[in-house]
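Because the structure is a prediction, the values reported are computed rather than measured.
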Amino acid sequence: MAFSKKPELLIFDCDGVLVDSELIATAVHIEALAKCGYIISAEEYNDRFVGMTDQQSYSVIESERGLRLPEDHHESVMAEIANRYARDLRATSGVRQTLQAINLKKCVASNSDTTKLCLALIVTDLHKFFWPHVFSASQVARGKPAPDLFLFAAQNMKKPAGSCLVIEDSVAGTQAAVAAGMTVIGFVGGSHCLPGHGEKLAEAGAIKLFNDMAALPQILARL
């Protein structure tokens with residue numbers, strides 16, 4: 001393992017790690033994009049855009065198709081995601097017990113905008129484990145895969161980057177943490193994780209993979 005001593009700060013991504021939200025959000029995005037003439041499957045959307053900020057994905061889509069999304073596109077998407085979160089969103093299996101069992105200082109650092117991030121944590125009743133240590137890409141100049149968000153989180157938590165351990169499910173997030181000088185463990189237990197996803201995380205720099213959130217305390221004990 002990469003640590004010579006125990007990590008001092010545990011940083012969780014949210015979507016696909018703390019909450020099993022990626023398939024919900026993907027469904028809303030591809031439905032909204034289809035209305036704009038951009039057809040993409042859920043599998044391709046997840047492979048290309050999960051882990052990016054919405055604004056990053058919109059920029060890629062507009063550039064490659066030469067189209068302009070409606071001015072209210074993002075607001076409409078967020079409103080529908082909020083509706084479906086309230087109805088369907090669930091915390092990742094085993095995550096509450098894991099958070100209760102871990103005594104390390106912890107925070108959340110997500111590419112989601114602040115409103116969506118807070119909604120996900122409140123709907124699943126996970127905010128109590130982190131608040132107010134919840135950080136969004138909306139607070140920095142560049143979201144993942146740039147290191148800005150993770151460095152911002154470490155700075156606010158008053159911990160050096162090299163003492164931070166990140167739990168990520170996306171390639172972009174893994175790349176961001178590595179670029180920030182942090183160690184990454186890849187979580188591949190989300191419903192959006194298809195065969196081969198773990199290999200992509202390992203290639204991006206994850207030192208270990210796991211698919212059962214309940215196993216995380218034991219993994220940390222072995223670091």
Next item on the list: Taking all non-hydrogen atoms of both residues into account, name the closest pair between G173 and F150 and its distance.
Entry: O-CE1, 3.4 Å

Margin query: Applying a strict under-4.5 Å side-chain criterion to I, L, V, M, F, W and Y, I'd like to know whether L10 and V134 cluster together.
Written below: yes

Next item on the list: Find the distance between CG (D113) and CE (M78) and round it off to the nearest 0.5 Å.
Entry: 6.0 Å

Next item on the list: Test side-chain contact (heavy atoms from CB on, under 4.5 Å) on L33 and H73 and set out the steps.
Entry: CA-CA 9 Å; L33 289 169; H73 180 84; 4.0 Å; yes

Next item on the list: Indicate yes or no: at least one non-hydrogen side-chain atom of P160 is less than 4.5 angstrom from one of E8.
Entry: yes

Checklist line | In one Ile/Leu/Val/Met/Phe/Trp/Tyr side-chain cluster, 4.5 Å: L194, I30 | finding: no

Check: Same hydrophobic cluster for L220 and V166, using side-chain heavy-atom links shorter than 4.5 Å among ILVMFWY?
Finding: no

Notebook entry, point to check: Hey, any chance L9 and L99 share a hydrophobic cluster, counting ILVMFWY side chains that come within less than 4.5 Å of each other, even indirectly?
Noted result: no

Check: Nearest 0.5 Å, what's the CZ-CG distance between F130 and L126?
Finding: 7.0 Å

Check: Quick one: are R142 and P147 in side-chain contact, heavy atoms under 4.5 Å?
Finding: yes

Item checked: Residue D125 excluded, over 12 heavy atoms near CG under 6.0 Å -> yes

Margin query: Can you give me the closest heavy-atom contact between G37 and R65, atom names plus distance?
Written below: O-NH1, 4.1 Å

Note to self: Any side-chain to backbone donor/acceptor pair from T98 onto G94? Under 3.5 Å, distance only.
What the structure shows: yes

Margin query: I'd like to check L165 versus L104 (side-chain heavy atoms, cut-off strictly below 4.5 Å). Are they in contact?
Written below: no

Notebook entry, point to check: Within a strict 4.5 Å, meaning less than it, do heavy atoms of the L216 and F12 side chains meet?
Noted result: yes

Next item on the list: Report yes if some heavy atom in the side chain of F210 is under 4.5 Å from a heavy atom in the side chain of I167; otherwise report no.
Entry: yes

Check: Does H197 use its side chain to pair, donor to acceptor, with the backbone of D169 at less than 3.5 Å?
Finding: yes

Item checked: Chi angles and distances behind the side-chain contact (heavy atoms from CB on, under 4.5 Å) call for D54, H29 -> CA-CA 9 Å; D54 289 334; H29 277 292; 3.3 Å; yes

Margin query: More than 12 heavy atoms of other residues, nucleotides or ligands under 6.0 Å from CD of E71: yes or no?
Written below: no

Next item on the list: Find the distance between CG (L201) and CD (E168) and round it off to the nearest 0.5 Å.
Entry: 8.5 Å

Check: Do L18 and M213 have side chains that get closer than 4.5 Å, going by heavy atoms?
Finding: no

Notebook entry, point to check: For the residue pair A176 and A146, what are the closest heavy atoms and their distance?
Noted result: CB-O, 3.2 Å

Notebook entry, point to check: For the side chain of E31 and the backbone of V28, is there at least one donor-acceptor N/O pair under 3.5 Å apart?
Noted result: no

Next item on the list: Report yes if some heavy atom in the side chain of M157 is under 4.5 Å from a heavy atom in the side chain of I11; otherwise report no.
Entry: no

Using atom types as modelled, flag every donor-acceptor pair under 3.5 Å from a side chain in residues 40-53 to any protein atom, sequence neighbours excluded.
unit_1, atom_1, unit_2, atom_2, d
S41, OG, E44, N, 3.1
N46, OD1, T26, OG1, 2.6
N46, ND2, A42, O, 3.4
D47, OD1, K200, NZ, 2.4
R48, NH1, Y38, OH, 3.4
R48, NH1, E64, OE2, 3.1
R48, NH2, E64, OE1, 2.8
T53, OG1, Q56, N, 3.0
T53, OG1, Q56, OE1, 3.3

Check: Rounded to the nearest 0.5 Å, how far does OG of S21 lie from OH of Y85?
Finding: 4.0 Å

Notebook entry, point to check: Sub-3.5 Å donor-acceptor pair from the side chain of N111 to the main-chain atoms of K144, do we have one?
Noted result: yes

Note to self: What's the separation between atom CD in Q55 and atom OG in S138, rounded to the nearest 0.5 Å?
What the structure shows: 7.0 Å

Notebook entry, point to check: Measuring from L69:CG to E62:CD, what's the distance to the nearest 0.5 Å?
Noted result: 4.0 Å

Item checked: Smallest separation among heavy atoms of R84 and A27, with atom names -> NH1-CB, 4.0 Å

Notebook entry, point to check: With a cutoff of under 4.5 Å between side-chain heavy atoms, which Ile, Leu, Val, Met, Phe, Trp and Tyr residues group with I39?
Noted result: none

Note to self: Quick check against the 3.5 Å criterion: does R90 have a side-chain atom that pairs as donor or acceptor with the backbone of D88?
What the structure shows: yes

Margin query: Assess, by modelled atom type and distance only, whether the side chains of S112 and D15 contain a donor and an acceptor separated by less than 3.5 Å.
Written below: yes

Check: Can you name the nearest heavy-atom pair linking A161 to L151, along with the distance?
Finding: CB-CD2, 4.1 Å

Check: Can you name the nearest heavy-atom pair linking A177 to V184, along with the distance?
Finding: CB-CG2, 3.3 Å

Margin query: Would a single hydrophobic cluster contain both I185 and I102, if residues Ile, Leu, Val, Met, Phe, Trp and Tyr are joined by side-chain heavy-atom contacts under 4.5 Å?
Written below: yes

Checklist line | F187 and T92, any side-chain heavy atoms less than 4.5 Å apart | finding: yes

Could you list the donor-acceptor pairs under 3.5 angstrom formed between side-chain atoms of residues 114-124 and any protein atom two or more places apart in sequence or on another chain?
unit_1, atom_1, unit_2, atom_2, d
T124, OG1, A120, O, 2.7
T124, OG1, L121, O, 3.4

